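Below you'll find the structure, written out as structure tokens, and then a few comments.
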Amino acid sequence: MSICPVIGMIYQRAVRPIILLATVLALVACADQSLIAQSESHGWSAEAVRGDGFLHQILAKPGQGTVLHVYLEGDGRPWLEERWIASDPTPDKLIMPGLMAMDPAPAIYLGRPCYFNLPDANCSPRWWTDKRYSVEVVRSLNAALDAYAAGYSGLLIIGHSGGGTLAMLMAARRSDVIGVATLAGNLDTERWAGYHDYTLLTGSLNPAMETPLPESIAQWHYLGDGDRKITRDMVAPTIA
């Protein structure tokens with residue numbers, strides 16, 4: 001397993017200490033195994049769970065502590081060569097299962113709608129293109145998460161890239177989140193689209209346009225010094 005470049009933390013607001021998250025996020029494992037293969041290799045449970053309108057592939061592992069860690073993957077490949085809509089947006093390389101394997105806390109990998117080739121009749125390309133961060137997607141993710149959240153004192157949601165977008169949006173709509181961490185998170189989708197000359201995601205929510213998360217939710221946001229896809233100004237306005 002290779003190790004990606006170290007990520008620098010550009011912002012932290014911690015109302016209270018929450019586990020050794022910074023240590024976990026500082027080293028990112030770049031995995032190229034399939035999701036189910038990784039689940040089997042670690043002895044995790046895997047199941048497809050119905051949220052609110054969509055199926056979600058979920059991996060779950062036991063751990064120490066009373067806070068459940070929730071991992072969200074990035075956008076993967078919604079477009080091919082930035083010209084054609086992909087028939088399957090699932091990433092070629094998965095980052096978050098590698099992080100989850102290093103995390104001693106109880107955790108789940110929460111798959112996004114229409115990823116991992118689940119037999120979901122509700123899927124169409126709009127859910128991984130224009131509506132990838134829509135109200136419907138966020139609502140379904142939270143509904144799928146509800147079954148796992150029961151019995152824990154709180155949730156820490158950790159998202160990479162577009163998963164960071166969803167982490168912020170999910171946290172804003174829950175009462176049990178005590179922390180959010182993003183890794184190269186796209187936290188201002190309008191600024192991101194303008195920077196790359198992409199079409200605006202008019203069917204999606206934009207964290208930068210939402211009410212800031214309450215002070216009771218700790219935040220960690222990490223960005224690579226040489227990242228050219230997500231820049232500092234796509235992150236900072238959301239958390240200022």
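Just so it is clear, the values below take in all heavy atoms, side chains as well, and ignore hydrogens, waters and symmetry mates. From a predicted model like this one, the values you see are computed outputs, not experimental measurements.
For the atom pair CG (L110) and CE (M170), the distance works out to 5.5 Å, reported to the nearest 0.5 Å. Here L145 contributes atom CG and I157 contributes atom CD1; the two are 6.0 Å apart, rounded to the nearest 0.5 Å. The structure places OG1 of T90 at 7.0 Å from CZ of R77, a figure rounded to the nearest 0.5 Å. Atom CD1 of I178 is separated from atom OG of S216 by 10.0 Å, given to the nearest 0.5 angstrom. Distance CD1/I158 to CG/D103: 6.0 Å, rounded to 0.5 Å. Atoms CD1 and OH, from I108 and Y71 in turn, are 11.5 Å apart once rounded to the nearest 0.5 Å.
Residues G203 and D130 approach most closely at N-OD2, 2.9 Å, considering heavy atoms. The minimum heavy-atom distance between F116 and G111, with the atom names listed, is CE1-CA, 4.3 Å. Across S124 and C114, no two heavy atoms sit closer than the pair N-SG, 4.3 Å. A pairwise comparison of heavy atoms in P119 and L55 identifies O-CD1, 3.7 Å as the closest pair. Listed here is the closest heavy atom pair of A193 and L200: CB-CD2, 3.7 Å. Between G74 and P91 the shortest heavy-atom distance is O-CG, 4.4 Å.
Each of K131, E136, R132 was checked for a side-chain hydrogen bond (donor to acceptor under 3.5 Å, both in side chains) with S134, and the lone residue meeting it is E136.
A donor atom on one side chain and an acceptor atom on the other are not found under 3.5 Å apart for Y109 and Q57.
A 4.5 Å side-chain heavy-atom check between N117 and D88 finds at least one atom pair inside the cut-off. Looking at Y133 and L166, their side chains come closer than 4.5 Å, going by heavy atoms from C-beta outward. Side-chain contact between S140 and H56: present, with at least one pair of heavy atoms (C-beta onward) separated by less than 4.5 Å. You'll find the side chain of V235 reaches within 4.5 Å of the side chain of I230, heavy atoms only. Taking 4.5 Å as the limit, some side-chain heavy atom of T165 sits within range of a side-chain heavy atom of T189. Side-chain contact between L141 and P113 is present, with heavy atoms from C-beta onward closer than 4.5 Å. With contacts defined as side-chain heavy-atom distances shorter than 4.5 Å, the pair V67/Y152 does not qualify. A 4.5 Å side-chain heavy-atom check between L187 and M234 finds every atom pair outside the cut-off.
Of the possible donor and acceptor atoms, one in the side chain of T129 sits under 3.5 Å from a partner among the backbone N and O of P125. Although no hydrogens or angles enter the test, the distance criterion places no donor-acceptor pair under 3.5 Å between the side chain of D176 and the main chain of G154. Remark: the backbone N or O of F54 is not paired with any side-chain donor or acceptor of N122 at under 3.5 angstrom.
Between W44 and H42, the ring planes lie parallel to each other; the angle is under 30°, not in the 30° to 60° tilted range. Between W192 and H196, the ring planes are perpendicular. Angles over 60° get that label, and only those under 30° would be called parallel.
The cluster map of Ile, Leu, Val, Met, Phe, Trp and Tyr, joined by side-chain heavy atoms under 4.5 Å apart, puts L118 and L59 in different clusters. Under a hydrophobic clustering in which Ile, Leu, Val, Met, Phe, Trp and Tyr are joined whenever their side-chain heavy atoms come within less than 4.5 Å, directly or via other members, L155 and Y148 fall into the same cluster. When hydrophobic clusters are built by joining Ile, Leu, Val, Met, Phe, Trp and Tyr residues whose side-chain heavy atoms come closer than 4.5 Å, directly or via intermediates, L205 is grouped together with V177. In the hydrophobic clustering of this structure, M168 does not group with M209; members are Ile, Leu, Val, Met, Phe, Trp, Tyr whose side-chain heavy atoms approach within less than 4.5 Å, directly or through other members. Linking ILVMFWY residues whenever their side-chain heavy atoms come closer than 4.5 Å, directly or via other members, places I217 and V70 in the same cluster.
Using a cutoff of 4.0 Å between basic side-chain nitrogens and carboxylate oxygens, E73 and R112 are not scored as salt-bridged. Remark: D146 engages R174 in a salt bridge, criterion side-chain N to carboxylate O under 4.0 Å.
Legend: residues meeting salt bridge (Lys or Arg N to Asp or Glu O under 4.0 Å) with E190, ordered by chain and number and at least two apart, are absent. Residues passing the salt bridge (Lys or Arg N to Asp or Glu O under 4.0 Å) test with R173 are E210, sequence neighbours excluded. Under the ring pair (Phe, Tyr, Trp, His ring centres under 6.0 Å) criterion, Y115 pairs with no residue, sequence neighbours left out. Under the rule for a salt bridge (Lys or Arg N to Asp or Glu O under 4.0 Å), the partners of D120 that lie at least two apart in sequence or sit in another chain are R50. Applying the salt bridge (Lys or Arg N to Asp or Glu O under 4.0 Å) rule to D227 yields no partners; only residues at least two apart in sequence or on another chain are considered. With sequence neighbours excluded, no residue forms a ring pair (Phe, Tyr, Trp, His ring centres under 6.0 Å) with W128.
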Derivation and outcome, side chain to side chain contact (heavy atoms under 4.5 Å, CB included), residues W220 and L156: CA-CA 11 Å; W220 292 266; L156 175 60; 4.1 Å; yes
